[in-house]
Enquirer: 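Please read through the structure below; I'll follow up with questions.
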Amino acid sequence: MPEGHVIHRLAADYAERFAGRPVRVDSPQGKFADTAALLDGQPLTGTEAHGKHLFLGFPELLGWVHIHLGLYGKVAFGTGPAPAPVGQIRLRLANGDHWAELRGPNTCALRTDDERAAVAARLGPDPLRADADPEAAWHRVSRSRSAIATLLMDQQVIAGVGNVYRAEVLFRHGIDPHRPGRDLNRAEWEACWTDLVLLMREGVRLGRIDTVRPEHTPEAMGRPPRVDDHGGEVYVYRRAGQSCLVCAGPVATATLAARNLFWCPRCQPR
């Protein structure tokens, strides 16, 4: 599932191509056809991202298109007139200069402003948003017996963090992923939050997740670059059994809350 930096990048991409201009809106697949007909020819007034939720804004009486990509959703952008539709396109926007096609989302629905606000109210603070309140997340983390790795993936605690960022930020701060949230001290939490803000902003800028420090890049270490569909240089994510880039010990893996967990037992001792 895409992590929060992807959604913020999509919000910026939609705004850059379509905001402030009338757009053609259709649903070649047909599942969003009635709503698409209401929006067709209206201007895109703005975009917003909160965690893994994307909102495309239309005039106030119409509302917001709420998109959650889920496991299989994808967005493709192109230039020029929109091509003939191919495959299952849930939502397509076009303005003659650009087009965007959404396929396979978990959610694609029209929301009122109040409904959009209600979705956001269920989410924790998003490290990529200017209005994020890390104190709200700390309030929940510091009182929880759950493992910090579980809490970081709970979208009601922190919005936008997924499996990659949770594994990497815990490694970067030497925190055992199984530690209960309430066992973290305030300094550890603040360091993790600050790091998530920096790492996720870089993710938006680069379009991929890079978490290794300068001294651990392929160039600095004389090692081959990582080859993985998720891209980017990481310390532990999907590196089970490989040597830790810091201590050379083996990277461990386990299942926690039905998700694969990766960590270095030497660098993140219990």
Enquirer: Is a side-chain donor or acceptor of Q42 paired with a backbone partner of V23 at a separation under 3.5 angstrom?
Expert: no
Enquirer: Any side-chain heavy atom of W193 sitting closer than 4.5 Å to one from P125?
Expert: yes
Enquirer: For R186, enumerate each residue passing the side-chain hydrogen bond (donor to acceptor under 3.5 Å, both in side chains) test, keeping only those at least two apart in sequence or located in another chain.
Expert: E135, E190
Enquirer: So, does T253 use its side chain to make a donor-acceptor pair with the main chain of L261 at under 3.5 Å?
Expert: yes
Enquirer: Checking the side chain of S27 only, and the main-chain atoms of F32 only, is there a donor and an acceptor separated by less than 3.5 Å?
Expert: yes
Enquirer: If you take all heavy atoms of R103 and V86, which pair is closest and at what distance?
Expert: NH1-O, 2.6 Å
Enquirer: Got a donor-acceptor contact below 3.5 angstrom from the R143 side chain to the H139 backbone?
Expert: yes
Enquirer: With a 4.5 Å limit on heavy-atom distance, are the side chains of Y237 and R226 in contact?
Expert: yes
Enquirer: If you look only at pairs with a residue in residues 40-62, which of them pass as a salt bridge (charged side-chain N to carboxylate O under 4.0 Å, His left out), with sequence neighbours excluded?
Expert: R24-D40, E48-R116, E48-R129
Enquirer: Side-chain contact test, heavy atoms from C-beta onward, threshold under 4.5 Å: evaluate it for L110 versus V65 and give yes or no.
Expert: yes
Enquirer: Under 6.0 Å from the CG atom of D34, do we count more than 12 heavy atoms belonging to anything else shown?
Expert: no
Enquirer: Backbone N or O of R140 within a donor-acceptor pair of the S144 side chain at under 3.5 Å?
Expert: no
Enquirer: Among side-chain atoms of H5 and R9, is any donor-acceptor pair under 3.5 angstrom?
Expert: no
Enquirer: Side-chain contact test, heavy atoms from C-beta onward, threshold under 4.5 Å: evaluate it for N163 versus M1 and give yes or no.
Expert: no
Enquirer: Taking only residues two or more places apart in sequence, or in another chain, which ones meet W64 in a side-chain hydrogen bond (donor to acceptor under 3.5 Å, both in side chains)?
Expert: D113
Enquirer: Could you go step by step and tell me if Y14 and F77 meet the ring-ring contact (aromatic ring centres under 6.0 Å, His included) rule?
Expert: CA-CA 9 Å; Y14 269 107; F77 294 97; 5.2 Å; yes
Enquirer: Short question: side chain of Q268, backbone of I175 - any donor-acceptor pair under 3.5 Å?
Expert: yes
Enquirer: Between H98 and F18, how do the two ring planes meet: parallel, tilted or perpendicular, split at 30° and 60°?
Expert: perpendicular
Enquirer: Any sub-3.5 Å donor-acceptor pair from E16's side-chain atoms to D13's backbone N or O?
Expert: no
Enquirer: Output all residues satisfying salt bridge (Lys or Arg N to Asp or Glu O under 4.0 Å) with R92, sequence neighbours left out; order by chain, then residue number.
Expert: D26, E101
Enquirer: Can you name the residues that form a side-chain hydrogen bond (donor to acceptor under 3.5 Å, both in side chains) with H66, not counting sequence neighbours?
Expert: H53, R111
Enquirer: Output yes when a side-chain donor or acceptor of R239 lies under 3.5 Å from a complementary backbone atom of S243, and no otherwise.
Expert: yes
Enquirer: What I want to check is whether the side chains of R90 and Q29 have a donor and an acceptor closer together than 3.5 Å.
Expert: yes
Enquirer: Within the 4.5 Å heavy-atom criterion, are V212 and D210 side-chain neighbours or not?
Expert: no
Enquirer: By the salt bridge (charged side-chain N to carboxylate O under 4.0 Å, His left out) test, which pairs, at least two apart or in different chains, include something from residues 213-225?
Expert: R223-E233
Enquirer: Main chain of T211, side chain of R172: is a donor-acceptor contact present, judged purely on distance under 3.5 Å?
Expert: yes
